[in-house]
Amino acid sequence: MLRALLYLRLVSFRNRLVAGAARLRQPKYFAGAVVGGAYLYYFIVRPMTASWQPVSSQGPQHFYYGRSFYVMAPAFAQFSVSVGAAVVLFILLLRQAFFWISPPAQPGLRFSEAEIAFLFPAPFTRRRLVHFNLVSSQIRILISSVLLTVLFNRWHGGGSGALSRAVGWWVIFSTFSLYSTAFGLGLAKWLANSVNPGRTRLIALSVLGAVAAVAAVAVLSAASRAHPPDAEAIASPAALAQYLNQLVDVRPLHWLLWPFQWVVAPFLAADLRTFALALGPALVIPAGLYAWIVRMEVQFEEGSIAMSEKRAEIRAAWKSGRRYRPTQAEPAVRRDPFRLASRGRPEAAFFWKNLLAIQSWFNLRLALIVLGAAALGTVGDFRGSNGSGAGYAPMVLAGALIVGGYTFFLGPQLLRQDLRSDLPISDILKTYPLSGWQIVMGELLTPVAILSGLLWLAILAGTWALGRIGHETAPHESANRLVIAASLGLLVPPLCALQLLIPNAAAVLFPGWFQSMRTRGGGIEMMGQRLIFVFGQLLAVVIAILPAAALAAAVFVAFGLFWFSFVLSIPQGVATILALLAAAATLLLILAGELWCGLWWLGRRFERLDLSREIRG
Amino acid sequence: MCVVSTRMIEVQALTKRYGDFTAVRELSFLVGPGEVLGLVGPNGAGKTTTLRCLAGVIPCNGGSIRIAGNDLGADPVGAKRRLAFFPDEPRLFDYLTVRQHLAFVARIYGIENHESVALPLLEELEIADKANKLPSELSRGMKQKLVIACGLLHGPQVMFFDEPLTGLDPLGIRRMKDSIIRRARQGAAIVLSSHLLHLLEEVCSHVLILKKGEKIADGTLAEVAARFSAGEPDVSLEEIFIRATGGSES
């Protein structure tokens, strides 16, 4: 059976590589692979190879790369085994508490749906299925350990550090994985056989609480005696490590940590000899857990199927762009955001539909957060300003800039209630008697409205804050500020729409990638494509804005400085306001034109989209 | 302007390629009002691709398609106003109730007073009591019914069904068959694909056999039977299908 497992994993891995390589024949994936590869080289491989060189031979230009990877690993070694064990104990206590508070309804092992379909009816004993499952999980853990080692470890010094670190990660993760499996299976069995499961859980949680209390008292007692490092020293790993070592190297915590020290000892080994000596005891625990699971004889089939179905539901929810909701949870019917008349622009139907989809976001919790923040800001401003100063205005301005910046640049990536969420049902959308641009425009309306709303709030807050900070004396200064704010407000919707066009275009141009991102693992080409899209989005906005902004600036100068002031002899303050309005109108017109071109082009692409072809590819 | 035609569906030399692979090759056929054309063929024969091309879901690489006189290539919006496509899987919006689905579709097609059409439809399909339920609360059969209600709301003259009986219980199958026959009697032109040959025998007036994207035979059931029966009486459609396709997958 293990040969079958090996065959399954190797062939799947090979096929994935072959499919990935075949896909590179398409330019879009090839470009992604090139960009992803370049990113990996510059940010992972190059720093790593720089740290292979002896530190003394590195020039200043290599110092950063050498340092970042060279210093990090010895920093781990400065922490005592007890600190590592304390971290493991803390995680296990949390895990245990979670197990007892919310125990699994039935014992189950993690199998894929295909594995269940093929292996469960196959002529295998239950014990062999357990072996299959455990060995299968070990393969995943091994790959994760190697990846973590590559990312976080030193590779210098002949490779012994890399080996010890990789094996160290593997021992820790294996122990956690086997422990979770063993305890999950055992707990379900115990509770099923228990006369009074509630009392059993209460006793177990009390014991856990007692252990946590003993550990906390020991640490707090040590903390009262130890001298914490000062603000400068705490930045040094050595000082921090020394302090933490003092906190956990105390009795009775030391005894409590004893078995966990075995687990982390290989990872924290300073040299190859220490590592070799630590490895034997460390393997005893996962080996014991493995033997325990195999001999447990638990009926895990039903639980495994339930787990597999749950994962399938989560995947399906992710694929369709909605949040996962357990089957047992009753979904809430949402009220119409507004009355949708039968006649009128069909784009409004998409707006209405997508508003319905995100209605659950606008709940009482959000309202309380917004009201709380507003109340805090008002009270703070009132107390801080005392009638004369700026109060919280600088903070409000900073907040407005941060919220506005994040909303503008990250909002379009995060708010996906548009064509991207409806891509799996594009077949249905395409049967509607609408042009492609109408569908695209309708789909964009909801995120544009939400992002615009947030940005308007940010502009409003920023304008108010600037007024408090600026000490404006002349009336036209305030008027200028308000006109600029109003002009920005006018420009927000087309700018948001342009921003949203890029990720939506990405979904239409690369639906295969878009679908696979939701269903399967990534790859270098996927990572590269994401990078391309993020930079593409920024570039597209810059390209859209720059010519328009240049023309608007020219209009401002021509009207403000020349036409209104010199030709029409309008007072300077009024001329500036009029010129600002003329510039804003110019910008708005150009952006609207660009947006229309973008919608038309994306609509045409959507009309030609053949999802089945992309997914085949 | 819509040209009134006695042929509701006119397909001429329809070709669909995926790279080097030709999924549908030079396919031509006509379907008149009241006719039900059964599209049959082995797996991978190109049935779903053909239906998706006919419904304007995917563009074809060659040929022409006219729906109720409207050229799907030149006037896709006009053609789509007259058709309805029912995919094999009921794909619905997770967060729209049955009623909200119908309101959404009504706005898309601009159907005035859609409630007066929607309610009888829901009652006919026996899901009127589920009007305020979300898709997650509906069984697969009910979801299928909702898809049908949405498709029929604008009174299409042309309908495309892809495996319409998938996932339905015996009663649902019976009702679906009745519904298809009734729509045809009311003058609709219907194309449906199915592996269930007994369905085609009961429902279809015409049949078109596809293999590897090419038409093997088409005509009325009697015509196709005559062609492949080799003079034997009462040859079943199943037997005709096996003889026509060579009994193998494409």
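Note on naming: letters A, B, ... go to the chains in the order of the sequence lines (proteins, then strands), and numbering restarts at 1 for each one. Note that the structure is predicted; figures quoted are calculated from it, not measured.
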### Task
Go through the steps for B/T48 and B/D162 under the test side-chain hydrogen bond (donor to acceptor under 3.5 Å, both in side chains), then give the verdict.
CA-CA 7 Å; B/T48 297; B/D162 191 5; 3.1 Å; yes
### Task
Decide if the gap between the ring center of B/F85 and the ring center of B/F160 is smaller than 6.0 angstrom.
no
### Query
Checking A/K430 against A/Y432: charged group under 6.0 Å from the ring centre and within 45 degrees of the axis?
no
### Query
Hey, are A/R416 and A/E443 close enough for a salt bridge, meaning a charged N less than 4.0 Å from a carboxylate O?
no
### Most contacts with chain B, counted as non-hydrogen pairs under 4.5 angstrom, among A/G442, A/A357, A/P346
A/A357
### Message
Suppose we call two aromatic rings close when their centres sit under 6.0 Å apart. Are A/W437 and A/W596 close by that rule?
### Response
yes
### Task
Below 4.5 Å from any heavy atom of chain A, which atoms of B/F104 appear? Answer side chain, backbone, both or neither.
both
### Task
Would you mind telling me which of A/E607, A/R345, A/R608 has the largest number of heavy-atom pairs within less than 4.5 Å of chain B?
A/R345
### Query
Quick one: of B/E112, B/E115, B/E89, who has the most non-hydrogen atom pairs under 4.5 Å with chain A?
B/E112
### Message
In terms of relative ring orientation, are B/Y109 and B/H154 parallel, tilted or perpendicular, with 30° and 60° separating the classes?
### Response
parallel
### Part of A/Q438 within contact of chain B (heavy atom distance under 4.5 Å)
neither
#### Entry: SB check B/D169 B/R140 (cutoff 4.0 Å)
no
### Task
Please state whether the side chain, the backbone, both or neither of B/P76 comes within less than 4.5 Å of a heavy atom of chain A.
neither
### Contacting moiety of A/L434, where chain B heavy atoms sit under 4.5 Å
both
### Query
In terms of heavy-atom proximity below 4.5 Å to chain A, should B/I111 be classed as side chain, backbone, both, or neither?
backbone
## Note on the structure
From the list B/V147, B/I108, B/L96, the residue making the most non-hydrogen contacts under 4.5 Å with chain A is B/I108
